[in-house]
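In what follows, chains carry the letters A, B, and so on, assigned in the order in which the sequence lines appear, proteins first and then strands, with residues in each chain numbered from 1. Every value quoted in this text rests on a predicted model; they were computed, and no experiment measured them.
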Number of protein chains: 2
Amino acid sequence: MKAGKATIHDISKALGIDSSTVSRALNGSPRVSKKTKDKIFEKARELGYQRNNLASNLRTQKTFTIAVVLPRISRYFFATVISGIEEKAYQAGYNVIICQSLDSLKREKKIISSLISNRVDGILMSISMQTASFEHLEAYMNLGKPIVFFDRPCNLKGSININIDNYKASFEATEHLIQQGCKHIVHFSGAQNIELYRQRKAGYIEALKKHGLTVNGDYIFESNLSESDGIWAAKRILELKNVDGIYSSNDTAAIAAMQYLKSKGVTIPKDIAVVGFNNDPISAVIEPPLTTINQPAFRIGKIASELLLKKIQNKDTENDSIFNVLNSELIVRASSEK
Amino acid sequence: MKAGKATIHDISKALGIDSSTVSRALNGSPRVSKKTKDKIFEKARELGYQRNNLASNLRTQKTFTIAVVLPRISRYFFATVISGIEEKAYQAGYNVIICQSLDSLKREKKIISSLISNRVDGILMSISMQTASFEHLEAYMNLGKPIVFFDRPCNLKGSININIDNYKASFEATEHLIQQGCKHIVHFSGAQNIELYRQRKAGYIEALKKHGLTVNGDYIFESNLSESDGIWAAKRILELKNVDGIYSSNDTAAIAAMQYLKSKGVTIPKDIAVVGFNNDPISAVIEPPLTTINQPAFRIGKIASELLLKKIQNKDTENDSIFNVLNSELIVRASSEK
DNA sequence: TATTAAAATACAATCGATTGTATTTTAATT
DNA sequence: AATTAAAATACAATCGATTGTATTTTAATA
């Protein structure tokens, strides 16, 4: 027989011991004597037995698996959040499944449907840029299973959210540019159905207002904040002529714009000062180094999975909405110091 | 009743139709009449039915799930490989589970054990730096299930490998440095139990020999090629005094070393020319831009999953070892042009 | 040694879907 | 209307592990 294909029944037959006893032994039940346990473990090793989780999970209605659903793992911020999640989850004996929505709602829906079919115990999620309605998420929650939202908050009733104060971080970043003498600051914003980007935009606007600068819709660029979006934005900036500052909702777009502007002879920060968001490793390496906002990504992951596991383990807990707000910090580098 | 908790038996009872017919209807079997199918689909929608894959997979002995096991997803190369894998896999209706070994053998073993228990249909894998024996992988293959190795090849009999010609790429990179006039080239190498790093080292050595340069063990640094390893290497380089070239087995270490050397007043490429490996996005952005070797990461992922799925689908195929060698290219940038 | 509680083990149902075989229903043919 | 093949549906076993209950074995007590 091939190793690993053995079942408790094979052990049972080989030893003349009932399969229920074998199961209990392998799970360390005190109902099985030491002597029998030893025999069973020995035989299990001999046959290369590995528990079939499909069967076990079906019976117990538990998979000890949680899923992370996020836009894309190649973003450093998300990759770091995942590390935090995995640390906590593995400690607690849970498996982690990672799923990329690629910021597509269609894909996000497919993923959730598959997670329902596979009966994962809980989901950690940062919704896609296209997600504006939440039926697919409610379908999961209606099974009595929890979702914890990180980074991009969600206003579903009873939802648990972990994020930084995006409004405040944004306000400070913009104010920093103003203090450096910028008068015409462009903002790179993301999809407005995402609360996160609305908050970042709001912080930017409030900072302008506080300092008596005019808020001009033409200076707010909405996009997916990809590399190509950054280049597109840089081109528009050159057309606007008088721009002297950029506050971008992520580093990716900020860096792409910087590279393009540099190639067109713009000096940073003298001509245009730039502030990004996320503290990507690349932001520290580019010339000049990019001022950016650091989020505690690893901690966000740790706390998110802590809260999720707690929710999974006590089903009785309240159904309150929870907003867990962590601190962020503005890291000032050369790209914004005039 | 809560949505989503419905089973075929609930549909069966509600309609007075046997559950076997319900199952066949939901799977589109021609054995069920159109009329009955319609009734069943209607009721399924009404009850929010979602198939329980645990039960289905247990019965069918298929999970339509493949796993990717690799050192860490935050490396751009690996993240890109994953995108290629997912594209192919999703097209074919397979789920993809992503697992990070963090270059730890202990973790890799745990992961494989969990994948066995969860009965995934196949594995795509880039082994950890610590992996020198393969019992854990053989345990999986003994179940009659395939593993495809990418990036880091594996000499297990009957294994399928996808990678570039690391020897050749390395040879060319080193030769390039020599042509730029470098005489004392340091090589950053990885763990020597990994075939990949042995090949890269061999290519470096051969290039030196071909051009009549002495091969000096003190100029070959073995490490995990992390950021801190890069800094450590840079310090040693300063002690060696006469180094005029670096060929690193990855960009991460090369870039960390460059940053450190720059901070100590070394001019790149004039004093020391640098070549990395992997074409990380960061390599194009650093000053000066880093010469590096580009691997077709997305294609590697696509081809790897193609081969894996083929192997999953025809169990009868030969058990030959396969080495699939893709092209790489040296991208020459300012860091190496003297 | 008989009695009885405790310990160890066996029996049997269950989780939800699938599938080979048997039975019933329908429709076509004579 | 009787016959028969084909279509539709029902029955029942199965995948592998778990778990409540029943039974047997062991050991302790009187």
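Residue Val32(B) is classed as a sugar-phosphate contact, given heavy-atom separations below 4.0 Å to backbone atoms only. Base contact: Ser23(B) has a heavy atom under 4.0 Å from a base atom. Nucleic acid contact class of Asn27(B) (heavy atoms, under 4.0 Å, all strands): sugar-phosphate only. Residue Ile17(A) is in sugar-phosphate contact alone, with no base atom involved, counting any heavy-atom pair closer than 4.0 Å across all strands shown. At the heavy-atom level, Leu54(B) lies nowhere under 4.0 Å from the strands shown.
In this structure, of dA17(C), dA10(D), dG16(D), it is dG16(D) that holds the atom nearest to the side chain of Asn52(A). Closest to the Arg31(B) side chain, of the nucleotides dT18(C), dA17(D), dT21(C), is dT21(C). Of the candidates dC15(C), dA17(C), dT9(C), dT9(C) carries the atom nearest the Thr36(A) side chain, counting heavy atoms from C-beta on.
We find the CG-CD1 distance between Leu308(A) and Ile160(A) to be 7.5 Å, quoted to the nearest 0.5 Å.
Summary for the helix from dT1(C)-dA30(D) to dT30(C)-dA1(D): the axes at its two ends, each from 5 pairs, differ by 50° when rounded to the nearest 10 degrees.
Contact between the side-chain N/O atoms of Thr21(B) and the OP1/OP2 oxygens of dA10(D) is found at a separation under 4.0 Å. In this structure, Ser20(A) does not reach the dA10(C) phosphate: none of its side-chain N or O atoms is under 4.0 Å from OP1 or OP2. Distances shorter than 4.0 Å separate none of the side-chain N or O atoms of Ser19(B) from OP1 or OP2 on dA10(D). Between dT9(C) and Ser33(A), a contact under 4.0 Å exists linking OP1 or OP2 to a side-chain N or O. Contact check, Thr7(A) against dC15(D): no side-chain N or O comes under 4.0 Å of OP1 or OP2. Between dC15(D) and Arg119(B), no contact under 4.0 Å exists linking OP1 or OP2 to a side-chain N or O. For Gln61(B) and dT18(C), the shortest distance from a side-chain N or O to OP1 or OP2 is not below 4.0 Å.
Mapping Gly16(A) and Arg24(B) onto DNA chain C via the closest heavy atom, the residue that lands nearer the 5' end is Gly16(A).
Contact between Asn324(A) and Ile303(A) at its shortest, heavy atoms only, is ND2-CG2, 4.3 Å.
Remark: side-chain polar atoms of Ser12(B) are paired, donor with acceptor, to backbone N or O of Ile17(B) under 3.5 angstrom. Of the possible donor and acceptor atoms, one in the side chain of Asn193(B) sits under 3.5 Å from a partner among the backbone N and O of Met129(B).
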